[in-house]
Amino acid sequence: MTQTGANDTLFITTAIDYANGVPHIGHVFEKILADAIARYQRLSGRPTHLLLGTDEHGEKILKAAAAQGITAQELVDDLSKRAFQGLWERLGISLDQFVRTTDAQHQGFVQDILQRVYDAGDIYFAEYEGLYSVGSERYVTEKELVEGPDGVRRVPGDKEPPELRREANYFFKMEKYQPWLREYLEAHPDLIQPTGFRNEVLEMLREPLGDLSISRPKERIPWGVPIPWDPEHVTYVWFDALLAYLSGPVGKGQPESVTGQTWHVIGKDILKPHAIFWPTMLKSAGLPVYDRLIVHSHILAEDGRKMGKSLGNAIDPEQLVQDFPLDAIRYALLREASMGSDTPFGETILVSRLNGELANDLGNLLARSLSMIEKYRGGVIPAPGELGEREQKIVADAQSLPERVMGLVNDFKLNMALDAAMGFVRDLNRYIAESEPWKLAKDEAQAERLDTVLYTVAEGLRVASVALEGAIPGKAQELRRQLGLGEQTYVLEAAWGLTPAGTRIQAGEVLFPKLELPEKKAEQGADQPQSTAPKATKPQGAKTMTDPAPTQDTPTAPAENAQEFITIDDFLKVDLRLAEVLACEPLENADKLLKFTLKVGDEERVILSGIRKWFPEPADLVGKRVVIVANLAPRKMRGIMSQGMILSAESESGELDLLTVGKALPGGSQVR
RNA sequence: GGCGACGUAGCUCAGCUGGUUAGAGCGCACGACUCAUAAUCGUGAGGUCGAGAGUUCAAGUCUCUCUGUCGCCA
């Protein structure tokens, strides 16, 4: 914890997450990224304070709570503590502080700043009428609306169309600070990173910004921080949430303008509030602007498409944490992501990084090194003899590695930083192959040479563990433990020889057990849900694994987040059609089957379906429009050819209904 | 529609201010080795560097046009 008020403390924040639902993989990535950056700063000796939080006010939360029949406070208490803070704990996020916007201390701070900005004359009252999007919590323009499949115009991504609203609100004179902000950005080219996003902001600043609505009438939205001079209004989401970056440290005794640096890690979707609203707010309040805005992109599904619940390809963070070792998740995400572009991610990618780099390169290097030290030197790391050219090259690389890693980390190129560290690991493997210690061991005359090789490898591993520690903190320490270094910690700086000769190794369990993705089944027809939780390649040794071992299937587990992905092409193979039921009758001498006569486009088809017990009055189904698989191979049942299959949904409790559509679309319409 | 980025080996991508046979990782094939988590190490397969034109002694690397993909904005 860094609450000493030290002037050089680096404050790193992530976005203050909106607590109207459970976190998704994007939240996870952002926290791991910020955590890794923070850990690397601490590793290199810089006092660092990592702040996370939840944004708990606003209309959407009010509605979400109402929908669940609980109070807003109950909803956010549960989400903030269980869903967010709980997950961050399971992910090993080294946070120093967690701010909730419903904290009394925070709310008081917001009011102080509001009052100050008001006193400065930067807030005015005005009436406004326009289209209001509840989903986006803001007024939108007619141009932004897009016509949906149902013919209703709405904001893309919103469920409900915007409402016409007329309100009197307080406005912040943001546009007043536009020239200043542009100059500030020009003068601070490193402020927003990567530069692509800086350019986007400069682009936004070419057009007049307009002023920012910062309040809502309390009668309509009582769930917010009251405006200090007008209790009939509460403040708008951004004026509330953004201030959490300051209210947190202030609440811990920091001066409100911290003298150390402040870095904000955010997603590209909230670039504008952070790059434009926030600096102008700070300027108006007489506070200094942050030092870095680190903008990351999004996590995509493995096929490169967007991830989403509706698409069925979303990764459930809780499931991910259960199925895979924490440090493997962290490493894979950091290793894959590059700041400028969206990053595909999923189990296949994760397992590939885990097996290929963490297990084969790093874990195996540790295993083979410990094994040789055990066999050839009785488990004691020997003192090195004279270093040859090859060893000197390794020492030089080891000494320059920390600077290379930190340089890349400070450019927010974590993927390349990890690659650099892994490159050093790979070179140690190469070094072993070249040195052939197993041959040296057979020749007494080569004893000193063997000592040198074994020491170089052991110390090299120690160096690598420090270079990787920001990404895999748990395993880095475990690695050192097995080298016999106990709980000793090291600074990430040029160093060699910190492993004392004579250290007794403490070999333990395999550092990174390999996982194997279940092979794709060539089965067909069997549509029972199939867990694809990865399996350990083999039960390693006789010991139990430290990692949350990829358990074998839990057949009854309802969560099926780990389902295999199919491509859009796979899906399109299935020809789904709407079909109108012309006739429906029970089939003689079959107690389960119903015989449907359906109109599909111009043709009529007969399909048999074993759902008789749910429809005692089959004739009632006539006229319904059901969904069928039109290109299923025909099959003869009870002497009748069934040409397809009718889709239905069945609950766990055994209730069943046919899939249908709300509108009277014609039979034969394509479903996709 | 406006602005911008990108399009390099099967896949993911490096290639700074233009200059010898265009690189890495993964995957694949073959070989070596045996300390190791069937790991590691080595070698290879030969990609019109999206298309066309231009500048230049010389272009993946600069200019223009076209095309495709993506992002931001409207």
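Bear in mind that the values here come from a model prediction, so they are computed numbers and not experimental data. All heavy atoms count here, side chains included; hydrogens, waters and symmetry mates do not. Within every chain, numbering begins at 1; the chains are lettered A, B, ... in the order of the sequence lines, protein sequences first and strands thereafter.
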Using the [atom1] atoms only, state how far [M] lies from [N], rounded to an integer number of Å.
N: A59(B); M: A22(B); atom1: P; answer: 14 Å
N: C49(B); M: G10(B); atom1: P; answer: 13 Å
N: U61(B); M: C6(B); atom1: C1'; answer: 15 Å
N: A24(B); M: A45(B); atom1: P; answer: 11 Å
N: C41(B); M: G47(B); atom1: C1'; answer: 26 Å
N: U17(B); M: C73(B); atom1: P; answer: 29 Å
N: G4(B); M: C66(B); atom1: P; answer: 14 Å
N: A51(B); M: A9(B); atom1: P; answer: 11 Å

Name the residue from E386(A), E436(A), E391(A) that meets the salt bridge (Lys or Arg N to Asp or Glu O under 4.0 Å) definition with R449(A).
E391(A)
Given D419(A), which partner from the list K413(A), R404(A), R335(A), R353(A) fulfils the salt bridge (Lys or Arg N to Asp or Glu O under 4.0 Å) test?
R335(A)
Do the two ring centres, one from W263(A) and one from Y245(A), sit under 6.0 Å apart?
no
Round to a whole Å and report the spacing from [atom1] of [X] to [atom2] of [N].
X: R335(A); N: U12(B); atom1: CZ; atom2: C1'; value: 10 Å
X: I373(A); N: C35(B); atom1: CD1; atom2: P; value: 15 Å
X: L202(A); N: G2(B); atom1: CG; atom2: P; value: 21 Å
X: N429(A); N: U37(B); atom1: CG; atom2: P; value: 13 Å
X: E436(A); N: C35(B); atom1: CD; atom2: P; value: 11 Å
X: L205(A); N: C3(B); atom1: CG; atom2: P; value: 18 Å
X: K413(A); N: A14(B); atom1: NZ; atom2: P; value: 10 Å
X: M416(A); N: C13(B); atom1: CE; atom2: P; value: 14 Å

Using the side-chain heavy atoms of [X], tell me which of these nucleotides is nearest: [options].
X: A367(A); options: U40(B), A39(B), U37(B); result: U37(B)
X: S371(A); options: U34(B), U37(B), A36(B); result: A36(B)
X: W438(A); options: A39(B), U34(B), C41(B); result: U34(B)
X: Y376(A); options: C41(B), U34(B), C35(B); result: C35(B)
X: F512(A); options: U34(B), U37(B), C41(B); result: U37(B)

Looking only at heavy atoms, the pair that brings F424(A) and A464(A) closest together is CD2-CB, 4.2 Å
In terms of heavy-atom contacts, P382(A) and Y455(A) come closest through O-CD1, 3.2 Å
Is the Y177(A) ring parallel, tilted or perpendicular to the W180(A) ring (thresholds 30°, 60°)?
perpendicular
Nearest-nucleotide check on RNA chain B, R206(A) vs E336(A); residue mapping nearer the 5' end is R206(A)
RNA chain B: I432(A) or S352(A), which has the more 5' nearest nucleotide?
S352(A)
Is it true that T348(A) and E302(A) share a donor-acceptor pair across their side chains at a distance under 3.5 Å?
yes
At under 4.0 Å between heavy atoms, what does R353(A) touch on the DNA or RNA strands: base, sugar-phosphate, or nothing?
nothing
Which is true for G196(A) with a 4.0 Å heavy-atom rule: it touches a base, it touches only sugar-phosphate, or it touches nothing?
nothing
Determine which nucleotide pairs with [N], using a 3.5 Å limit on both distances of a Watson-Crick or G-U wobble pair.
N: C28(B); answer: G44(B)
N: A59(B); answer: none
N: G71(B); answer: C3(B)

Are side-chain heavy atoms of R430(A) and E434(A) found at a separation under 4.5 Å?
yes
What does the list of N/O pairs under 3.5 Å between the protein and nucleotides 67-73 of chain B look like, with a distance for each?
residue	atom	partner	partner atom	Å
C72(B)	O4'	E200(A)	OE2	3.3

Partner of T499(A) under side-chain hydrogen bond (donor to acceptor under 3.5 Å, both in side chains), picked from Q488(A), R480(A), E459(A), is E459(A)
Phosphate-side-chain proximity, [X] and [N], N/O vs OP1/OP2 below 4.0 Å:
X: K375(A); N: A36(B); result: yes
X: N360(A); N: U40(B); result: yes
X: R368(A); N: U40(B); result: no

Donor/acceptor link under 3.5 angstrom from N364(A) side chain onto base of A36(B):
yes
